[in-house]
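Heads up: the structure comes next, in structure tokens.
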Amino acid sequence: MTETTEVGLFARTRRAIHPVVFPLVTGAAGVGALVVLSRVNPHEPGHYPTCPSLWLTGLYCPGCGSLRALHELTHLDLVGAWDMNPLAVIAVPWLAWRWLRWLLETLGVRRERRLAPPWVLWTVFAVVVLFTILRNIPFFSPYLAP
Amino acid sequence: MTTVPPPPPAVPVPPVGGSQPPNNNLVLAIITTILCCLPLGIVAIVKAAEVNTKWTQGDLAGAQASADAAKKFSLIGIGVGVAVAVIYFILVAVGIASLEFNTY
């Protein structure tokens with residue numbers, strides 16, 4: 001509803017671009033990033049910045065190891081990726097699926113947007129928090145820390 | 001200065017339950033949390049979950065507010081992440097440059 005009432009240069013420019021451009025550009029950027037990530041090894045220090053949360057607090061955040069996990073995934077090493085960050089491994093197919101739905105929506109394949117039951121999202125939240133706590137406890141670190 | 005087009009005819013307010021739920025922006029929240037390594041993403045996940053809770057309770061305005069908050073926290077998180085990366089690469093470039101300067 002709000003889209004139809006937007007005025008101004010930004011909104012008009014956005015309307016002039018075919019909506020399919022946005023998912024295509026996003027997808028191309030994602031693939032480009034993965035190509036770089038597969039070539040430039042994040043296991044070797046100095047190629048990428050350290051996670052700012054880890055640097056500031058010394059604690060592993062839920063995203064620590066995801067760069068290395070994605071690197072392993074581009075080399076089809078599922079076990080290695082899981083060892084680095086299991087949540088990233090789970091997130092990748094889901095993000096790919098959401099991207100595909102976004103692409104189809106901009107191509108006119110419309111499906112009514114339905115929200116997941118709230119408990120699904122609260123479970124996601126609980127899993128992320130639990131994962132963050134456990135991977136910083138020495139007993140679980142060998143399994144959950146990157 | 002330019003002529004503003006006349007506003008579109010008023011759209012009748014859709015009945016509750018018949019309107020589209022807001023985008024809960026969970027995708028951005030997950031990207032921030034998992035791929036951008038900032039705890040702001042966790043706040044965004046909470047806000048995204050609030051969208052679904054409030055929507056099922058019939059709180060349309062609240063759901064929209066939570067959706068906007070989820071987007072805001074995600075974008076701040078991604079912005080900080082990108083800024084850290086940019087600063088890092090600038091420091092590396094400067095470091096390498098000064099290293100070469102000292103060597104020769």
Side-chain angles (χ1 to χ4, degrees), chain A residues 1-2 4-5 7-9 12 30 33 46-57 59-67 69-70 85-92 94-95 97-99 101-102 110 112-129 131-132 146, chain B residues 2 4-5 7-11 13-14 18-24 26-57 63-64 66-67 70 77 80-92 95-96:
Chain A
M1 264 194 298
T2 50
T4 54
T5 54
V7 289
L9 187 63
R12 268 182 289 153
H47 289 155
Y48 301 97
T50 306
C51 164
S53 316
L54 180 64
W55 182 70
L56 283 173
T57 65
L59 296 171
Y60 295 121
C61 76
C64 284
S66 58
L67 214 53
L70 289 179
N85 192 322
L87 290 190
V89 176
I90 297 169
V92 164
W94 181 74
L95 288 173
W97 163 244
R98 297 309 309 175
W99 179 82
R101 283 290 308 272
W102 183 27
R110 290 212 166 267
E112 198 178 336
R113 185 191 290 152
R114 284 172 297 125
L115 290 180
W119 65 264
V120 174
L121 278 88
W122 291 113
T123 304
V124 170
F125 167 67
V127 167
V128 170
V129 170
F131 175 66
T132 310
Chain B
T2 50
V4 179
V11 182
V13 178
S19 57
Q20 278 270 76
N23 185 346
N24 62 15
L26 184 64
V27 170
L28 279 178
I30 295 293
I31 289 175
T32 310
T33 309
I34 305 296
L35 302 182
C36 210
C37 74
L38 274 154
L40 277 171
I42 294 177
V43 182
I45 292 176
V46 170
K47 289 293 165 189
E50 276 180 15
V51 174
N52 296 35
T53 300
K54 287 177 177 173
W55 181 260
T56 39
Q57 290 167 349
Q64 186 62 55
S66 292
V80 172
V82 170
V84 167
V86 167
I87 292 170
Y88 174 83
F89 286 119
I90 290 173
L91 288 181
V92 167
I96 287 169

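To find a chain, count down the sequence lines: A is the first, B the second, and so on, and within it residues start at 1. As a basis for the values below, the full set of heavy atoms in this structure was taken, side chains included, without hydrogen atoms, waters or symmetry mates.
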Val27(B) vs Leu95(A) side-chain heavy atoms within contact, under 4.5 Å: yes
Least distance between heavy atoms, Val46(B) atom then Trp122(A) atom: O-CH2, 3.8 Å
Main-chain N/O of Ile34(B) paired with Ser66(A) side-chain donor or acceptor, under 3.5 Å: yes
Rounded distance [0.5 Å steps], CD in Gln20(B) versus CG in Leu115(A): 9.0 Å
Interface moiety of Leu70(A) toward chain B, non-hydrogen atoms closer than 4.5 Å: side chain
Portion of Trp99(A) that has a non-hydrogen atom of chain B nearer than 4.5 angstrom: neither
Heavy-atom pairs under 4.5 Å with chain A, option from Ala29(B), Ala85(B), Pro21(B) with the top count: Pro21(B)
Thr53(B) versus chain A, the contacting section by heavy-atom distance below 4.5 Å: both
Heavy-atom pair of closest approach, residues Leu121(A) and Ile45(B): O-CG2, 4.5 Å
Under 3.5 Å donor-acceptor, Asn52(B) side chain and Ala116(A) backbone: yes
Distance in Å, Ile30(B) CD1 paired with Arg98(A) CZ, rounded so as to fall on 0.5 Å steps: 11.5 Å
Euclidean distance, Thr33(B) OG1 relative to Phe131(A) CZ, rounded to 0.5 Å: 11.5 Å
Contacting moiety of Leu26(B), where chain A heavy atoms sit under 4.5 Å: both
Over 12 foreign heavy atoms within 6.0 Å of CH2, Trp94(A): yes
